[in-house]
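The structure appears below as structure tokens.
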2 protein chains.
Amino acid sequence: MVVELDDIDLQILELMQANARISNVDLAKELSMAPSAVLERVKKLEQKKVILQYNTAVNPAALNQRLLAFIFIKTKELESDAKIATMLARIPEVQEVHIVAGEDCFLVKVRTEDSASLMAMMRKSIKRVPNVLSTKTTIVLETVKEQQQLVIRKS
Amino acid sequence: MVVELDDIDLQILELMQANARISNVDLAKELSMAPSAVLERVKKLEQKKVILQYNTAVNPAALNQRLLAFIFIKTKELESDAKIATMLARIPEVQEVHIVAGEDCFLVKVRTEDSASLMAMMRKSIKRVPNVLSTKTTIVLETVKEQQQLVIRKS
DNA sequence: CTTGAAAGTGTCAGCTG
DNA sequence: CAGCTGACACTTTCAAG
């Protein structure tokens, strides 16, 4: 995908990354533009899939999801990577599924209530995915930073 | 932190996780409540830090950030974990910093333009953090799923 | 991109159970 | 305390320039 983004677009993205619920008029004030012009740009950014979605970051502790783990999953060498990936992606506790270079094939990020529910989830969901050979789990003791904001470099 | 969340709160969180820019009236319609009551609940959720922030997911490809990597960082055994973590967290390309169990001490998620800029960032930023003994980098070939939405279980 | 106007929304005070 | 109503100001959104 090639998209042309000018400095105004980048500034919009920067402001919206920091606060998705910023109002159009506030955006317009920051950019010294009319609200309608800003709205039009935002709509175009959505439509061009530059903006993928607006989400609310909920405190995991408030929902009793205290355990975070990364699981490396090794599978039989085969062409059907995509199918396995899709099955992993369907597990609700799984927040991320990456296909990675090296001998481990998949890296999965998982959030559960505690270690017991992690084990339950692995037995119930991950180990039932066909062609899974082995898993290697890394437990997170403490998260120091967790954000999806991208670095925006204006020209 | 212990917070009491009832089913209405959970429904608000579910709707806002999926779309942070949903309007108050739409929320109210979904919940069959008056907008003012919903607004009050949302404000309380923000204030109680159940809602941490509203962010916009920007397509990394649109900003030319095509490379995603996870780096395990081993450091000298010491008490000053927190200081190292803070230094890692300050690197703009670093989206996540976790302190993990096992012999690797830190796990860091990084997004850069390409492998050259990843190497540059490692030389310039990570290797300059004191007490870093070694790093082990896992390159992501393809991301199949990436979301931070939590599983919400209504009672 | 701007203006201007209509329709819709956020927000608050005051009221009710 | 949590929710409702009603009212006003502010926003969103669109057509036209």
Side-chain angles (χ1 to χ4, degrees), chain A residues 1-65 148-149 152-155, chain B residues 1-59 62-64 148-150 152-155:
Chain A
M1 184 195 20
V2 182
V3 200
E4 288 307 318
L5 299 176
D6 62 14
D7 272 16
I8 298 178
D9 288 327
L10 294 178
Q11 241 178 303
I12 291 175
L13 293 176
E14 195 165 35
L15 290 164
M16 296 197 82
Q17 270 200 140
N19 175 18
R21 280 178 79 83
I22 187 172
S23 76
N24 232 328
V25 282
D26 285 350
L27 263 180
K29 272 176 206 152
E30 294 275 356
L31 303 168
S32 310
M33 286 169 67
S36 56
V38 175
L39 183 68
E40 199 175 354
R41 274 172 179 269
V42 171
K43 294 281 173 226
K44 265 184 201 148
L45 289 170
E46 291 172 357
Q47 186 200 306
K48 288 191 285 187
K49 308 273 185 208
V50 174
I51 290 176
L52 297 175
Q53 64 168 329
Y54 303 106
N55 34 231
T56 298
V58 176
N59 192 332
L63 292 177
N64 253 322
Q65 312 218 359
Q148 36 145 73
Q149 267 134 281
I152 294 186
R153 270 185 210 78
K154 271 157 278 180
S155 45
Chain B
M1 183 195 20
V2 182
V3 200
E4 287 307 317
L5 299 176
D6 62 15
D7 272 16
I8 299 177
D9 288 326
L10 294 177
Q11 242 179 303
I12 291 175
L13 293 176
E14 195 164 35
L15 290 163
M16 297 196 83
Q17 271 201 140
N19 176 18
R21 280 176 79 82
I22 187 172
S23 75
N24 231 329
V25 282
D26 285 350
L27 263 181
K29 273 177 205 153
E30 293 274 356
L31 303 168
S32 311
M33 286 171 68
S36 56
V38 176
L39 184 68
E40 199 177 350
R41 273 173 180 270
V42 172
K43 294 279 173 228
K44 264 184 202 151
L45 289 170
E46 291 171 356
Q47 186 200 306
K48 287 190 285 188
K49 308 273 185 208
V50 174
I51 290 176
L52 297 174
Q53 64 169 327
Y54 303 105
N55 32 231
T56 298
V58 176
N59 192 332
L63 293 176
N64 252 322
Q148 37 145 68
Q149 268 135 279
L150 302 176
I152 294 186
R153 271 187 209 78
K154 271 158 279 180
S155 43

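Note that the coordinates shown come from a computational prediction; the quantities given were computed from them, not determined experimentally. First the proteins, then the strands, lettered A, B, ... as listed; each starts at 1.
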Which comes earlier along DNA chain D counting from the 5' end, the contact point of B:Glu40 or that of A:Leu39, where each point is its nearest nucleotide?
->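 It is B:Glu40 whose nearest nucleotide is closer to the 5' end.
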
Rounding to a whole Å, what distance do you find between [X]:[atom1] and [N]:[atom2]?
{"X": "A:Asn24", "N": "C:dC1", "atom1": "CG", "atom2": "P", "answer": "13 Å"}
{"X": "A:Arg41", "N": "D:dT12", "atom1": "CZ", "atom2": "P", "answer": "17 Å"}
{"X": "B:Lys29", "N": "C:dT9", "atom1": "NZ", "atom2": "C1'", "answer": "10 Å"}
{"X": "B:Met33", "N": "C:dT11", "atom1": "CE", "atom2": "C1'", "answer": "15 Å"}
{"X": "B:Asp6", "N": "D:dA2", "atom1": "CG", "atom2": "P", "answer": "9 Å"}

Checking only heavy atoms, does the side chain of B:Ser36 share a donor-acceptor pair with the base of D:dT5 at less than 3.5 Å?
->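 Such a pair is found, so the answer is yes.
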
Taking atom types as modelled and ignoring hydrogens, do the side chains of A:Gln17 and B:Tyr54 form a donor-acceptor contact shorter than 3.5 angstrom?
->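 The answer is no; no qualifying pair exists.
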
Which heavy-atom pair separates A:Glu4 from A:Lys48 by the least distance, and what is that distance?
->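 For A:Glu4 and A:Lys48, the tightest heavy-atom pair comes out as O-NZ, 3.8 Å.
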
side-chain N/O B:Lys44 vs D:dA2 OP1/OP2, d < 4.0 Å |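 Checking B:Lys44 against D:dA2: at least one side-chain N or O falls below 4.0 Å of OP1 or OP2.
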
Below 4.5 Å, heavy atoms only, C-beta onward: do A:Leu13 and A:Leu5 meet side chain to side chain?
->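 A side-chain contact under 4.5 Å exists here.
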
Could you tell me whether A:Arg21 contacts a base, only the sugar-phosphate backbone, or nothing, with contacts defined as non-hydrogen atoms closer than 4.0 Å?
->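 If one applies the 4.0 Å heavy-atom cut-off, A:Arg21 turns out to touch nothing in the nucleic acid.
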
